[in-house]
Novice: 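Questions regarding the structure given below will be posed in turn.
Just so it is clear: chains get the letters A, B, ... in the order the sequence lines come, proteins before strands, and each one is counted from 1.
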Protein chains: 2
Amino acid sequence: MDKLTDYKQPSVTVDVMIFTIINSDLKVLLVKRKIPPFEGKWAIPGGFARIDESLEDAAQRELSEETNVKNIYLEQLYTFGEVNRDPRGRVITVAYFALANLRDMQIKASSDVSEVKWFSMYKLPELGFDHAKILAYALQRLRYKLEYSTVCFQLLPKKFTLTDLQAAYEIIFNKKQDKRNFRKKILSLGIISESGRTEGKAHRPAKLYSFTRKHMIMENFIKG
Amino acid sequence: MDKLTDYKQPSVTVDVMIFTIINSDLKVLLVKRKIPPFEGKWAIPGGFARIDESLEDAAQRELSEETNVKNIYLEQLYTFGEVNRDPRGRVITVAYFALANLRDMQIKASSDVSEVKWFSMYKLPELGFDHAKILAYALQRLRYKLEYSTVCFQLLPKKFTLTDLQAAYEIIFNKKQDKRNFRKKILSLGIISESGRTEGKAHRPAKLYSFTRKHMIMENFIKG
DNA sequence: ACAAAAGTGTTGAGAGTACACCCATGC
DNA sequence: GCATGGGTGTACTCTCAACACTTTTGT
């Protein structure tokens with residue numbers, strides 16, 4: 001077990017799920033494959049990990065190749081290591097997920113895919129590989145994280161109204177929240193502060209808020 | 001990016017941390033390396049993932065090779081993918097952790113290690129690779145899991161007293177608990193039931209409990 | 001009878017939940 | 001002045017934390 005060449009090695013890919021909210025719906029970015037296997041099927045964007053870059057870097061690279069988004073909140077989800085996941089051979093996939101707000105994103109299709117498109121997490125197309133399972137797991141984890149952390153702000157622009165924030169939670173959990181209780185709780189956390197007002201709508205203008213700096217820096221025990 | 005041979009591939013190992021409680025202390029099983037790199041240094045047991053077995057199977061195999069323990073609660077912790085983790089070359093490590101009670105375990109040293117030994121998590125030796133970081137992360141995750149799940153029973157024999165259970169929590173969190181509150185909370189969860197009494201001690205005998213069957217089957221969303 | 005661990009309830013504080021109306025603006 | 005979404009408070013319930021003495025056994 002001590003020489004790197006003693007055994008035939010599995011291949012390693014990274015897949016990156018990018019979530020965002022568009023039109024009051026939780027969306028994930030998928031690509032249409034141009035080459036076998038699963039040619040013409042939709043799949044999670046990803047690619048092989050290179051030998052000279054960390055997994056996190058590989059994930060950031062894949063993300064930026066597909067979307068131009070850089071330095072986004074990126075979390076390792078799980079490593080999928082079943083034997084028959086990929087018809088080409090033994091492939092281990094390290095799955096990452098990212099949260100983004102649409103304003104930052106300019107989507108482009110890379111050379112290996114014919115199309116890039118946002119899909120509702122609640123209306124997914126038929127997917128290649130075991131990607132349906134990976135997405136289901138990611139949704140579970142996303143919900144779980146939102147219960148005990150503040151990652152939600154990644155889905156919103158820098159300044160947002162409390163109604164926007166509540167809508168984001170409702171979309172992800174697919175469940176209505178009480179307006180007064182939601183506001184009471186969020187404000188009591190002390191993680192957002194006022195920064196202006198909306199304008200130009202045919203109703204009372206809303207206060208704008210932004211997350212305070214220290215809460216934008218995600219704790220990441222692993223890094224370094 | 002679509003041929004498995006397009007890029008030079010990183011190697012993949014699985015490392016398995018086995019935790020248990022011995023003498024009122026949280027212990028982890030480490031091995032002393034017999035060959036470079038880090039010859040003579042202590043490290044987390046592990047080895048290369050074979051091409052014909054899943055990562056979970058590889059972890060179970062490594063675990064059983066070192067300890068004879070089979071079919072234990074095994075959870076994927078994290079995948080460590082930095083570039084310079086291993087002086088031999090590019091190695092990605094998928095870390096797993098397991099909880100065990102000592103009665104099940106017969107430790108043996110495999111051919112690649114000169115010694116196998118339990119270490120207190122609070123008094124670790126100098127470790128090879130980035131294994132100190134991996135252990136620190138595992139401890140954090142172990143504590144975290146115990147707050148919202150019932151994995152703790154894996155550290156105990158089938159029948160145990162509430163005092164035993166409380167002691168396990170106190171050791172892992174390194175913090176005293178209130179006896180009445182602890183019992184109230186555990187019993188209210190409805191996950192354990194009485195099954196006998198202790199005997200032969202010079203004090204009042206304690207009730208024995210065991211976890212109910214459905215709570216011994218860990219939910220594992222990923223499998224399958 | 002005494003040493004040693006087992007077992008047992010109450011109270012107060014804080015968090016979560018349910019619930020309905022007035023406010024500010026644009027048109 | 002009316003339509004639209006923004007904004008606000010109270011009462012009840014439940015959970016969590018603090019806290020000390022009695023019981024049962026072996027020796």
Novice: Applying side chain to side chain donor-acceptor pair (under 3.5 Å), name anything that partners B:Glu170, two or more places apart in sequence or on another chain.
Specialist: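 In terms of side chain to side chain donor-acceptor pair (under 3.5 Å), with neighbours along the sequence ignored, B:Glu170 is linked to B:Gln166.
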Novice: By the ring-ring contact (aromatic ring centres under 6.0 Å, His included) test, which pairs, at least two apart or in different chains, include something from residues 174-210 of chain B?
Specialist: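 Residue pairs with at least one partner in residues 174-210 of chain B: B:Tyr169-B:Phe182.
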Novice: Does B:His131 reach the side chain of B:Phe38, with side-chain heavy atoms less than 4.5 Å apart?
Specialist: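 SC-SC contact between B:His131 and B:Phe38 ruled out.
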Novice: Start with the C-alpha gap between A:Arg204 and A:Thr198, add the side-chain angles, then the distance that decides, and say whether side-chain hydrogen bond (donor to acceptor under 3.5 Å, both in side chains) holds.
Specialist: CA-CA 9 Å; A:Arg204 176 173 176 173; A:Thr198 56; over 6 Å; no
Novice: Can you list every pair that meets side chain to side chain donor-acceptor pair (under 3.5 Å) and has a residue in residues 17-26 of chain B, with sequence neighbours left out?
Specialist: B:Asp25-B:Ser120
Novice: Any chance you could lay out the side chain to side chain contact (heavy atoms under 4.5 Å, CB included) test for A:Asp130 and A:Thr93, step after step, and finish with the verdict?
Specialist: CA-CA 10 Å; A:Asp130 54 355; A:Thr93 292; over 6 Å; no
Novice: Please give, in whole Å, the distance from C:dA6 P to B:Leu208 CG?
Specialist: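 Rounded to the whole Å, the gap is 11 Å.
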Novice: Between B:Val28 and B:Ile44, does a side chain to side chain contact (heavy atoms under 4.5 Å, CB included) hold up when you go through it step by step?
Specialist: CA-CA 9 Å; B:Val28 65; B:Ile44 300 166; over 6 Å; no
Novice: With a 4.5 Å limit on heavy-atom distance, are the side chains of A:Leu135 and A:Met121 in contact?
Specialist: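 A side-chain contact under 4.5 Å exists here.
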Novice: Does the pair B:Tyr144 and B:Gln140 meet the rule for a side chain to side chain contact (heavy atoms under 4.5 Å, CB included), with working shown?
Specialist: CA-CA 6 Å; B:Tyr144 194 72; B:Gln140 177 183 282; 5.6 Å; no
Novice: First and last nucleotide of DNA chain D touching chain A, 5' to 3', heavy-atom cut-off 4.0 Å?
Specialist: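 Footprint of chain A along DNA chain D, 5' to 3': D:dA3 to D:dT10.
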Novice: Tell me the interatomic distance from B:Glu199, atom CD, to C:dA5, atom P, rounded to whole angstroms.
Specialist: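 Between P of C:dA5 and CD of B:Glu199: 18 Å.
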Novice: For B:Leu162 and C:dA6, give me the distance from atom CG to atom C1', rounded to whole Å.
Specialist: 10 Å
Novice: To the nearest angstrom, how far is B:Gln166 atom CD from C:dA6 atom C1'?
Specialist: 12 Å
Novice: Please state how far atom OH in B:Tyr209 lies from atom C1' in C:dA6, giving the value in whole angstrom units.
Specialist: 10 Å
Novice: Would you say the rings of B:Phe160 and B:Phe211 are close, in the sense that their centroids are separated by under 6.0 Å?
Specialist: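 Yes, close enough.
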Novice: For C:dA5, does either OP1 or OP2 sit under 4.0 Å from a side-chain N or O belonging to B:Thr163?
Specialist: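 No, because none of the side-chain N or O atoms of B:Thr163 sits under 4.0 Å from OP1 or OP2 of C:dA5.
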Novice: Using a 4.0 Å heavy-atom cut-off, write out nucleotides 19-27 of chain C from 5' to 3' as B (base contacted by protein), S (sugar-phosphate only) or - (no contact).
Specialist: BB--BBBS-
Novice: Evaluate the side-chain proximity of A:Gln60 to A:Tyr96: yes if any heavy-atom separation is below 4.5 Å, no if none is.
Specialist: no
Novice: How large an angle, rounded to 10°, do the end axes of the helix from C:dA1-D:dT27 to C:dC27-D:dG1 enclose when each is built from five base pairs?
Specialist: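 What I find for the helix from C:dA1-D:dT27 to C:dC27-D:dG1 is an axis angle of 10°.
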